[in-house]
**Student:** 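Shown below is the structure under consideration.
Below, chain A is the first sequence line, B the second, and so on; all start at residue 1. Small disclaimer: the values here were computed from a predicted structure and weren't measured. Excluded from the calculations below are hydrogen atoms, water molecules and symmetry mates; all remaining heavy atoms, backbone and side chain alike, are included.
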Amino acid sequence: MVKKIREEEYRFEEDFEEEEVQLREGEEFEEESISFEIRGETPSISPPAIVLSVTYDGKAGRALVKLYDPVNDRIYFWYDNTGHRPYLLTDIDPVDIVTRFPRVIQHRGFSHLELVRKYDALNDREVVMTKVCAKDPLSIGGARESIRDILPKTWESKIKYHLCYIYDRDIIPGMFYRIENGKLVKVDIDIPQEVRDFVHKLYGNDEYMLEEVEKWLPLFQAPIPHIKRLAIDIEVFTPKENKIPKPEEANYEIISIALAGSDGLRRVLVLKRPGLDLTWEQVEKLRDDDVEIMFFDSEYEMLRELFKIVCQYPLIVTFNGDNFDLKYIYNRALKLGFRKDEIPIISKRDEMTVALGVHVDLYKFFNIRAIETYAFGGKYRGAEKTLDTIASALVKMKKIPRDKPINEMDYAELVNYNFRDAFLTLYLTMYDNELVMKLIILLSRISKLPIDDITRSQVSAWIKNMMYYEHRRRGWLIPEKEDIINVKGEAATKAIIKGKKYLGAIVIDPVPGIFPNVCVVDFASLYPSIIKKWNLSYETVKCPDETQKNNRPYPDLPHWVCYNRRGLTSTIIGILRDMRVYVYKKIAKTTNNPILKQFYDVVQSALKVFINASYGVFGAETFQLYCPPVAELVTALGRLAMSMTLIKALELGLVPLYGDTDSLFIWSPDEEKLKELIEWVEETLGIDIDIDKTYRLVAMSGRKKNYIGILPDGSLDIKGMVGKKRNTPDFVKEAFADVLKIISSMEKITEVETKLDEIRRKVKEYYDKLRRREIPLNKLMVRMSLNKPLEQYTKNKPQHVKAALQLKQYGINVGPGDIIYFVKTRTKDGVKPVQLARIDEVDIDKYVEYLRTSLEQVLDALGISFDEVLGATKLSLV
DNA sequence: GCGGACTGCTTACCT
DNA sequence: ACAGGTAAGCAGTCCGCG
């Protein structure tokens with residue numbers, strides 16, 4: 001009975017924020033000790049080692065820093081010995097706590113009270129706060145009746161303890177430290193003179209900025225060592241095809257485990273199964289592939305071998321290991337009778353870690369939106385994010401096609417299939433000189449989030465953590481979200497789009513037509529530049545200082561900005577932007593050493609991710625420093641910069657054709673005039689503007705965010721066109737591409753007339769094929785992704801949902817993230833999933849319309865209509 | 001009862 | 001769960017129409 005209650009309590013606790021702590025002090029159940037072999041050494045002295053992870057070790061009741069010494073290939077565990085305690089802050093003084101909130105003192109996890117002086121940036125004043133310290137993180141918050149629930153208002157009580165520890169002890173993940181006399185000491189990093197020169201040129205005698213930037217340079221300059229790693233992928237016996245075994249239950253045998261190590265390990269552990277023989281041909285086939293195979297009679301022995309190998313690597317890499325591979329292995333091991341302390345894997349709420357080092361789940365990492373769009377330029381955007389799609393997009397490698405169920409494969413097929421997956425996973429961290437690993441380490445350093453956290457959280461969490469660290473470093477109180485909103489209020493403008501909070505960017509109506517020689521000028525990271533130039537930050541915008549109320553950078557908005565003190569966001573984003581634009585982008589170009597060049601390129605792309613997201617977070621309600629006036633001022637000043645530049649361009653007699661947010665398309669500009677414009681912008685607005693590119697030809701239909709540009713090398717920039725969208729049927733895409741080919745073959749504008757006939761013939765050809773139903777279904781299907789569970793489409797039933805519901809009737813279940821393939825038909829629903837459709841049911845007229853919208857986006861630029869093109873050919877046929 | 005004008009929802013895109 | 005702005009198609013509603 002007692003045991004049962006405790007189990008429930010245990011589960012209950014697990015659901016809370018501080019999931020690292022699984023057991024409370026004094027509890028005897030569920031021994032969690034890590035056995036000797038799977039614990040890192042804790043020497044009193046060590047060579048330089050990189051911080052892999054910082055966590056809270058519940059058993060030891062202390063923060064644990066996991067370090068990796070790349071030279072000697074060793075892992076060290078350093079436990080906090082500074083007496084650091086979890087804490088929260090309150091504005092209630094100690095006497096009042098004792099008298100009015102005695103339950104705080106009586107709390108079983110209570111440790112002691114301290115007084116601390118903080119700077120409350122939001123209200124611009126010094127404050128004295130009471131620091132309530134506890135013996136363990138859960139006593140602060142996360143369990144029932146924790147201290148933060150007893151007090152009416154607390155600060156900094158929702159920060160995970162291991163992050164709090166990082167801020168207070170200044171332990172930067174991804175940086176080098178060494179253990180000296182039992183203490184953890186930062187390793188000094190040399191800054192090249194070249195970089196120093198750049199910085200000096202930038203900040204000259206601005207002591208404040210020079211001092212600030214000093215903190216950042218080591219993060220960009222510290223070398224990134226090779227971290228030995230192991231990729232793991234498993235195959236599980238599946239009784240029914242297409243039914244993925246549940247990792248929570250782990251009911252079926254693991255039949256093979258593929259291991260690919262950065263040290264050259266290529267091994268597959270295979271379970272011997274009755275009725276499956278290994279033939280000589282198979283042995284020969286396997287030998288060719290240079291994959292080592294170990295056969296096991298029992299699954300238990302196979303897992304033991306796996307665990308032995310796992311303990312030899314500081315970094316474990318998987319693709320979806322959090323939700324499948326590692327979870328399955330863990331639960332299966334428990335089922336087979338392993339004790340928890342014999343398994344070098346730790347299960348957390350929605351994450352699996354390894355006891356010794358860190359686990360990176362690449363599926364989660366590549367699913368981070370900011371990574372997808374900024375770091376990889378949307379290369380693998382679109383289709384479902386599987387190992388296959390990501391690997392083929394980034395490294396042009398594919399999984400081995402599977403033509404039969406896993407269960408029916410012979411050993412050779414199984415081993416090959418399995419190993420390829422592990423290899424691809426490893427390779428995604430190895431290609432291009434370990435680009436992905438370097439990126440992860442740099443992101444970790446900049447954000448101060450351990451590798452485990454950075455690879456599993458979105459960019460807003462990165463920026464939040466970076467900002468928290470900066471607050472602590474300065475002795476600033478970290479504000480509560482509600483306090484910022486209460487003091488600063490909501491936005492003052494009205495968005496164009498219903499449901500949005502404030503007015504955004506300007507898009508200039510494009511002039512339709514075909515234009516040769518179009519120059520695109522572009523503000524260099526406009527929004528971050530604005531944040532820097534106007535000192536924007538949550539504490540400087542609408543500051544409490546009455547004397548500042550006349551500093552209104554944008555007169556139509558009531559918001560003023562403090563010019564007496566430097567804004568924290570402005571300083572940090574300013575430095576990151578300066579380092580990217582003026583230092584690392586530059587030296588990446590000028591450096592001759594290819595290795596260094598690539599390294600600096602990774603630095604600048606890591607910076608890019610933070611910079612690009614820096615404005616957006618202030619307009620995101622979920623962000624802890626959410627401040628609508630800041631976001632609103634940024635876009636307003638962006639509109640100002642854009643419109644002033646446009647007016648100036650017109651004054652100079654230049655011909656602007658189009659512009660969106662931070663760019664202006666100028667038709668055949670006079671070089672002198674253009675130079676004048678650029679200089680005027682830099683002088684008057686104080687924002688850098690550059691010539692981004694010059695198009696040989698631009699075709700614009702008159703629609704915004706929609707154009708085709710031909711670059712000097714003949715390549716095409718196709719923006720926003722229906723013919724390029726991923727949900728457009730292939731046949732429409734092909735027609736669009738064919739027409740485009742004809743246009744791009746045009747050398748001079750005067751050739752328009754002669755090419756027109758060619759276009760007409762082409763369009764008619766597609767039209768006729770469609771009418772004759774000669775286009776196969778797979779070229780007619782529309783791909784549309786399902787963004788929420790089927791039941792949640794309550795307001796209406798879009799076509800892809802109708803198709804999905806039909807699939808459901810056939811027992812095929814689909815959910816969020818799945819792509820529905822359907823064909824437009826003349827049946828009741830107007831749509832059928834491809835699998836169920838017949839070619840004679842296709843609604844031809846719908847596809848003619850599709851062809852029309854797609855081609856009109858091109859034809860409108862030429863001044864011809866789709867009907868005219870079809871009509872003319874029809875007539876000519878008669 | 002039916003079709004056109006309208007709004008709103010949804011997805012995919014641009015910066 | 002970084003933002004707002006735009007294009008496009010379809011679902012659903014309202015209204016006029018003997």
**Student:** Which residue pairs pass the side-chain hydrogen bond (donor to acceptor under 3.5 Å, both in side chains) test with at least one member in residues 819-831 of chain A, sequence neighbours excluded?
**Tutor:**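 Passing the test, one end in residues 819-831 of chain A: Q806(A)-D829(A), T825(A)-T827(A).
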
**Student:** Which residues pass the salt bridge (Lys or Arg N to Asp or Glu O under 4.0 Å) test with E480(A), sequence neighbours left out?
**Tutor:**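 E480(A) satisfies salt bridge (Lys or Arg N to Asp or Glu O under 4.0 Å) with no residue once adjacent residues are dropped.
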
**Student:** Restricting to side-chain contact (heavy atoms from CB on, under 4.5 Å), what partner residues turn up for T794(A), sequence neighbours left out?
**Tutor:**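 Here no residue qualifies.
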
**Student:** Which residues pass the salt bridge (Lys or Arg N to Asp or Glu O under 4.0 Å) test with D688(A), sequence neighbours left out?
**Tutor:**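 With neighbours one apart ignored, the set is empty.
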
**Student:** Between D660(A) and K704(A), does the salt bridge (charged side-chain N to carboxylate O under 4.0 Å, His left out) criterion hold? Intermediate values first, please.
**Tutor:** CA-CA 8 Å; D660(A) 185 348; K704(A) 293 171 173 179; over 6 Å; no

**Student:** Under 3.5 Å, side chain of Y502(A) to main-chain N/O of G619(A), donor-acceptor pair present?
**Tutor:**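 A pair under 3.5 Å: no.
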
**Student:** Please give me every residue in residues 781-790 of chain A whose heavy atoms get under 4.0 Å of an atom in DNA chain B, ordered by residue number.
**Tutor:**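 Of all residues in residues 781-790 of chain A, the ones placing a heavy atom under 4.0 Å from DNA chain B are M784(A), S785(A), N787(A), K788(A).
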
**Student:** Name each donor-acceptor pair under 3.5 Å that joins a side chain in residues 523-530 of chain A to protein atoms two or more places apart or in another chain, with its distance.
**Tutor:**
residue, atom, partner, partner atom, Å
S529(A), OG, A524(A), O, 3.1
S529(A), OG, S525(A), O, 2.7
S529(A), OG, R577(A), NE, 2.9

**Student:** In chain order, what residues pass the salt bridge (Lys or Arg N to Asp or Glu O under 4.0 Å) check against D578(A), with sequence neighbours excluded?
**Tutor:**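 Partners of D578(A) under the salt bridge (Lys or Arg N to Asp or Glu O under 4.0 Å) test: K532(A).
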
**Student:** Say whether, by atom type as modelled, one donor and one acceptor occur between the side chain of D717(A) and the main chain of G709(A) under 3.5 angstrom.
**Tutor:**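 Checked: no pair found.
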
**Student:** What pairs meet the ring pair (Phe, Tyr, Trp, His ring centres under 6.0 Å) rule with one or both residues in residues 622-646 of chain A, with sequence neighbours excluded?
**Tutor:**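 Applying ring pair (Phe, Tyr, Trp, His ring centres under 6.0 Å) to every pair that reaches into residues 622-646 of chain A, excluding sequence neighbours, yields F618(A)-F623(A).
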
**Student:** Extract, from 5' to 3' on DNA chain C, the first and final nucleotides lying under 4.0 angstrom from some heavy atom of chain A.
**Tutor:**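 Span of nucleotides near chain A: dA1(C) to dG12(C).
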
**Student:** Using a strict heavy-atom distance below 4.0 Å, which residues from residues 526-536 of chain A are in contact with DNA chain C?
**Tutor:**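 Of all residues in residues 526-536 of chain A, none places a heavy atom under 4.0 Å from DNA chain C.
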
**Student:** Once salt bridge (Lys or Arg N to Asp or Glu O under 4.0 Å) is applied, do any residues pair with R783(A), and if so which ones, sequence neighbours excluded?
**Tutor:**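 For R783(A) the salt bridge (Lys or Arg N to Asp or Glu O under 4.0 Å) partners, ignoring immediate neighbours, are D730(A).
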
**Student:** Which sits closer to the 5' end of DNA chain B, K498(A) or K719(A), going by the nucleotide each is nearest to?
**Tutor:**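 By nearest-heavy-atom nucleotide position, the 5'-most residue is K498(A).
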
**Student:** Where each residue is assigned the nucleotide of DNA chain C containing its nearest heavy atom, which of L503(A) and A613(A) is assigned the position nearer the 5′ end?
**Tutor:**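 Its nearest nucleotide lies further toward 5', so the answer is A613(A).
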
**Student:** Taking the six-membered ring for Trp, are F731(A) and Y850(A) ring centroids under 6.0 Å apart?
**Tutor:**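 That pair fails the under 6.0 Å test.
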
**Student:** Could you state the CZ-P distance from R639(A) to dT15(B), rounded to the nearest angstrom?
**Tutor:**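 Taking CZ of R639(A) and P of dT15(B), I get 19 Å after rounding.
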
**Student:** Specify the residues of residues 791-804 of chain A, ordered by number, for which at least one heavy atom lies under 4.0 angstrom from an atom of DNA chain B.
**Tutor:**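 Output list: Y793(A), K795(A), N796(A), P798(A), H800(A).
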
**Student:** How close or far is atom P of dC14(B) from atom CE of M700(A), stated in whole angstroms?
**Tutor:**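 Roughly 16 Å, once rounded to whole Å.
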
**Student:** So, does Y658(A) get its side chain near the phosphate of dT15(B), meaning an N or O under 4.0 Å from OP1 or OP2?
**Tutor:**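 For dT15(B), neither OP1 nor OP2 has a side-chain N or O of Y658(A) closer than 4.0 Å.
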
**Student:** Starting from P on dC13(B), measure out to CG on D660(A) and report it in whole angstrom.
**Tutor:**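 Taking CG of D660(A) and P of dC13(B), I get 16 Å after rounding.
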
**Student:** Give, for atom CD1 of I844(A) and atom CD of E849(A), the distance between the pair rounded to the nearest 0.5 Å.
**Tutor:**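 I844(A) atom CD1 to E849(A) atom CD measures 12.5 Å (nearest 0.5 Å).
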
